[in-house]
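What follows is a single structure, written as structure tokens, with notes after it.
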Protein chains: 2
Amino acid sequence: MARTRFDHWPCSVARAVDLLGDAWMVLILRDAFYGVRRFEDFQSNLGIGRNVLTQRLSSLVEAGMLQRVPYQDRPVRHEYRLTDKGRGLFDIVLALVRYGDDWLAPDGPPVVLRDRETGARVDPIVVDRHTGQPIDPRAITVEPGPGFPEEHLARAKADGRFA
Amino acid sequence: MARTRFDHWPCSVARAVDLLGDAWMVLILRDAFYGVRRFEDFQSNLGIGRNVLTQRLSSLVEAGMLQRVPYQDRPVRHEYRLTDKGRGLFDIVLALVRYGDDWLAPDGPPVVLRDRETGARVDPIVVDRHTGQPIDPRAITVEPGPGFPEEHLARAKADGRFA
DNA sequence: GTAGTCCGTTGCTTGAAAGAACGCACCAGG
DNA sequence: CCTGGTGCGTTCTTTCAAGCAACGGACTAC
């Protein structure tokens with residue numbers, strides 16, 4: 001069936017996963033972060049079906065995360081480059097790397113990241129901006145913010161969210 | 001068709017997204033982080049189909065991210081609690097929140113996180129552990145790590161990965 | 001003119017999501 | 001005792017997209 005859409009939920013997580021949509025989206029972006037730009041390279045790196053790749057690239061362009069830029073004439077060929085909005089997703093990919101390295105890599109990290117200049121290992125972690133410390137889910141509470149739609153507030157509270 | 005599996009790729013991103021699988025997985029976990037534990041609550045909060053929810057909860061339990069714990073007899077009823085492996089995913093959810101708040105919330109964040117003790121706003125960011133600074137995708141390189149399978153190394157290099 | 005490159009499009013098959021209905025075990029009220 | 005309510009799934013049908021392979025089209029190189 002058609003995918004359920006989450007893009008209008010009053011929740012940043014829901015909107016973000018709606019944007020990513022499925023696994024291929026994330027993997028295409030991963031490749032993009034690693035420097036891949038062309039259809040053929042995405043396809044052979046990922047082994048994704050060509051029709052699916054076409055569809056996903058269009059979605060990413062439409063969502064403003066990739067930009068389709070011509071790199072030659074006759075015939076016109078385009079490459080797909082990250083926009084700022086796309087680059088913002090790098091943090092999500094980094095969080096995935098972190099988790100995969102920690103929990104899904106018994107033999108050690110399959111790939112490591114290094115600073116291009118200094119050569120130092122790059123080791124992403126998620127922290128609170130102000131304390132600089134990791135965040136424990138049990139130590140936080142959730143409440144409606146400025147972007148929470150007025151008309152759903154009563155309902156949400158009645159349902160026991162924001163308890 | 002059957003979903004393509006990524007769990008054996010030599011890439012932590014691929015393994016992590018394979019684990020998350022689809023959007024529902026992430027949203028179920030989000031609810032779990034916010035304190036939801038019971039079938040009925042997941043279902044009504046998310047509006048997910050009951051059959052799909054059943055399937056997803058089983059997957060999460062099987063993957064070791066949730067634990068099925070009885071909370072009453074006659075009839076026996078179970079609730080679903082996060083394990084440590086599941087709690088590790090919170091950082092990914094936080095990265096999603098961050099991105100959604102930054103790029104997908106024109107009216108401001110729909111929900112805000114607060115420290116349960118201090119009441120201070122919690123503002124997740126992804127940084128390098130050593131420098132404490134955000135990470136720019138253009139400033140990093142990728143190379144094979146200890147967990148990269150020996151037998152694929154030659155192939156990967158020939159393909160121009162790790163260039 | 002034959003082969004190769006790059007980027008898609010088309011067509012077929014199958015499996016999974018969506019959605020609603022049903023089942024089952026128990027409790028509470030009248 | 002019978003009805004209604006709660007909590008947790010299971011079953012069924014329909015629809016839509018992933019997976020896969022083949023094809024096409026515009027060039028370049030030999």
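Lettering follows sequence order; numbering is per chain, from 1.
Atom C1' of nucleotide C/dT5 and atom CD of A/Gln43 are separated by 14 Å, given to the nearest angstrom. Atom NE2 in A/His78 sits roughly 22 Å away from atom P in C/dT5 (whole-Å rounding). Between the P atom of D/dG9 and the CD1 atom of B/Ile48 lies a distance of 13 Å, rounded to the nearest Å. Rounded to an integer number of Å, the gap from B/Leu53 CG to D/dG9 C1' is 9 Å. Atom-to-atom, CZ of A/Arg50 to P of C/dC7 comes out at 9 Å; the value is rounded to the nearest Å. Straight-line distance from the CZ atom of B/Arg38 to the C1' atom of D/dC8: 12 Å, rounded to whole Å. Note: CG (B/Leu46) to P (D/dC8) measures 14 Å, nearest angstrom. The nearest whole Å value for the distance from the CG atom in A/Leu27 to the P atom in D/dG19 is 11 Å.
Of the residues near DNA chain D, B/Asp41 and B/Arg3, the one whose nearest nucleotide (by heavy atom distance) lies more toward the 5' end is B/Asp41. Checking A/Gln55 against B/Phe39, the closest nucleotide of DNA chain D that is more toward the 5' end is the one next to B/Phe39. When each of B/Arg56 and A/Arg68 is assigned the nucleotide of DNA chain C with its nearest heavy atom, A/Arg68 is the one assigned upstream, toward the 5' end. Mapped onto DNA chain C by nearest heavy atom, B/Val52 and A/Pro75 fall at different nucleotides, with A/Pro75 at the one closer to the 5' end.
In plain terms, the two heavy atoms of B/Pro110 and B/Asp101 that are nearest each other are CD-OD1, 3.9 Å.
Below 30°, between 30° and 60°, or above 60°: for B/Trp24 and A/Phe6 the angle between ring planes is above 60°, a perpendicular geometry.
Comparing atom distances between the A/Ala2 side chain and each of C/dA18, D/dA17, C/dC26 picks out D/dA17 as nearest. The side chain of A/Glu40 sits closest to C/dC6 out of C/dC27, C/dC6, D/dG7.
Residues B/Leu19 and B/Asp7 fail the side-chain proximity criterion, which asks for heavy atoms closer than 4.5 Å. With contacts defined as side-chain heavy-atom distances shorter than 4.5 Å, the pair A/Arg161/A/Val142 does not qualify.
For the pair B/Trp24 and C/dA16, the criterion of a side-chain N or O lying under 4.0 Å from OP1 or OP2 is not met. For D/dG9, neither phosphate oxygen OP1 nor OP2 lies less than 4.0 angstrom from any side-chain nitrogen or oxygen of B/Thr54. Residue A/Tyr80 places at least one side-chain N or O under 4.0 Å from the OP1 or OP2 atom of C/dG8. OP1 or OP2 of C/dC7 has at least one side-chain nitrogen or oxygen of A/Tyr71 nearer than 4.0 Å.
Within a 6.0 Å radius of CD in A/Glu151, other residues, nucleotides and ligands contribute more than 12 heavy atoms.
A cation-pi arrangement is present between B/Arg38 and B/Tyr71, with the terminal nitrogen or guanidinium carbon under 6.0 Å from the aromatic centre and inside a 45° cone about the axis.
Evaluation of atom-type donor-acceptor distances gives a pair under 3.5 Å for the side chain of A/Arg77 against the base of C/dC6. Between the side chain of A/Asn51 and the base of C/dG11, at least one donor-acceptor pair of N or O atoms lies under 3.5 Å.
When heavy atoms are screened at a 4.0 angstrom cut-off, A/Phe42 is found touching no nucleic acid atom at all.
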